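Read through the structure below, which is laid out as structure tokens, and then see the notes.
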Amino acid sequence: MGRLTARRRVVRSAADGSRVTRVDSLAVEEPLEVRRGADVLNVTMRTPGDDFDLVAGWLVSEGLVRSSGDLVAASYCPGTDEQGHQTYNVVEVVLADGVGVDRPQRSTWTSSACGVCGTASLDAVRVTSPYDVAGDALVVDGTVLASLPDRLREAQRVFDRTGGLHAAGLFAPDGTLLCAREDVGRHNAVDKVVGWAVRDGRLPLRGTVLQVSGRASFELVQKAVVAGIPVLSAVSAPSSLAAELAEESALTLAGFVRAGGFNLYSRPERVPERVTGPAEC
């Protein structure tokens, strides 16, 4: 759609006080409305691109969609801006019969910083996963786990131009990148990855690792568990509630994954201790 970045003139001030005017690239942030017929399911702020993946992943995280068959269709609704250009900011979904009848209700729109804002009650925040994460026998080599942030960074094409996007990447146990997505919102980037998976018929995502570029929040842990992902790895710290939910859900949660090291906050047995052999004479 060509709206991932926008150009803007900026004044750059250096440490010595000198200034220069230049054109900079900014990550685009626009609203996306999700409709089911006349019913508005959600309005979220996001970076345009992979919108159908974003919508599909959000539907999974809300507990509305469990498989590709639950999402019959997704399409852009007609809509233009002041210049008469298609905005691509409204997506209408068609769900299978009986899907989403008892969906959680939201009372407000969702910003790019929050994936559970507007949920009508605290009870509606938690979504029960249909998949047995505890039974996932995945084992990840610590060296591979420590390498995932750099591997994800290599896939962040828009970040290279703007420096303003979060990223999420789904990896195989050997470190092979399966899918990477970027967005101004951390939860959106994860939804885009999960949405790619559900649209490709890959749920549950057993035997995979989800790497995120920022911190690990409650909502990111929940999104991973609902998609059947057994390991969530974050560059920064987890919240206390994220760690509690990870332990409760039997998800392995790694934080501060950087510079070759990491912290394991739950289910450390999935990442065996790295053994260093004796030094050679």
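As the structure is a computational prediction, the values presented were derived from the model and not from experiment. Throughout, residue positions are numbered sequentially from 1 according to the sequence presented.
When each of Asp141, Thr143, Leu148 is paired with Leu145, the side chain to side chain contact (heavy atoms under 4.5 Å, CB included) condition holds for Leu148 and for no other. Of the candidates Asp50, Thr47, Asp183, Lys192 forms a side chain to side chain donor-acceptor pair (under 3.5 Å) with just one, namely Asp183. Here the options are Val60, Val93, Leu203, the test is side chain to side chain contact (heavy atoms under 4.5 Å, CB included), and the partner is Val65; only Val60 passes.
In this structure, Asp200 contributes its side chain and Arg202 its backbone to no donor-acceptor pair below 3.5 Å. Side-chain atoms of Arg258 come within 3.5 Å of backbone N or O of Val235 as a donor-acceptor pair. A donor-acceptor pair is defined here as one N or O able to donate and one able to accept, closer than 3.5 Å; no such pair exists between the side chain of Arg181 and the backbone of Val190.
With sequence neighbours excluded, the residues forming a side chain to side chain contact (heavy atoms under 4.5 Å, CB included) with Ser239 are Leu241, Ala242, listed by chain and number. For Phe256, the ring pair (Phe, Tyr, Trp, His ring centres under 6.0 Å) criterion is met by no residue, not counting sequence neighbours. For Glu247, the side chain to side chain donor-acceptor pair (under 3.5 Å) criterion is met by no residue, not counting sequence neighbours.
For the atom pair Leu95 CG and Leu59 CG, the distance stands at 6.0 Å (nearest 0.5 Å). To the nearest 0.5 angstrom, Glu62 atom CD is 8.5 Å from Asp191 atom CG. Note that CE of Met45 is 4.5 Å distant from CD of Glu29, once rounded to the nearest 0.5 Å. The distance from the CD atom of Glu244 to the OG atom of Ser249 is 11.0 Å, given to the nearest 0.5 Å. The structure places NZ of Lys223 at 12.0 Å from CG of Leu232, a figure rounded to the nearest 0.5 Å.
Taking every heavy atom of both residues into account, Leu152 and Phe171 meet most closely at N-CZ, 3.9 Å. Of all non-hydrogen atoms in Glu182 and Ala155, the two that sit nearest each other are OE1-O, 4.4 Å. In terms of heavy-atom proximity, His166 sits nearest to Gly185 at CD2-C, 4.2 Å. Contact detail for Tyr265 and Ala243: the closest heavy-atom pair is CB-CB, 4.4 Å. Nearest heavy-atom pair across Ser67 and Val198 is C-CG2, 3.6 Å. Nearest heavy-atom pair across Leu251 and Val225 is CD1-CG2, 3.8 Å.
In this structure, Trp58 and Leu41 have side chains that are in contact, with non-hydrogen atoms separated by less than 4.5 Å. A 4.5 Å side-chain heavy-atom check between Ser13 and Arg19 finds at least one atom pair inside the cut-off. Counting heavy atoms from C-beta outward, Pro31 and Glu33 have side chains that stay 4.5 Å or more apart. With a 4.5 Å cut-off on side-chain heavy atoms, Leu264 and Leu253 do not count as touching. Looking only at side-chain heavy atoms (C-beta outward), His187 and Leu220 come within less than 4.5 Å of each other. Counting only heavy atoms from C-beta outward, the side chains of Pro272 and Val139 approach each other to under 4.5 Å. At a threshold of 4.5 Å between non-hydrogen side-chain atoms, the residues Pro230 and Thr208 count as touching. Two residues are said to be in side-chain contact when any heavy atoms from C-beta on lie closer than 4.5 Å; Leu170 and Ile229 meet this criterion.
Taking the six-membered ring for Trp and thresholds of 30 and 60 degrees, Phe52 and Tyr76 have ring planes inclined between 30 and 60 degrees apart.
Checking Arg270 against Thr252 by side-chain atom types alone, a donor-acceptor pair falls below 3.5 Å. Residues Arg46 and Asn89 have side chains that bring a donor and an acceptor to within less than 3.5 angstrom of each other. In summary, the side chains of Gln211 and Ser233 do present a donor paired with an acceptor at a separation below 3.5 Å, with no hydrogens or angles considered.
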Checking Arg7 against Asp24 for the salt bridge (charged side-chain N to carboxylate O under 4.0 Å, His left out) test, could you report, in this order, the C-alpha distance in whole Å, the side-chain angles of both residues, the deciding distance, and whether it holds?
CA-CA 6 Å; Arg7 305 283 282 172; Asp24 201 4; 5.9 Å; no

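Around the CG atom of Asp16, the shell of radius 6.0 Å holds more than 12 heavy atoms that belong to other residues, nucleotides or ligands.
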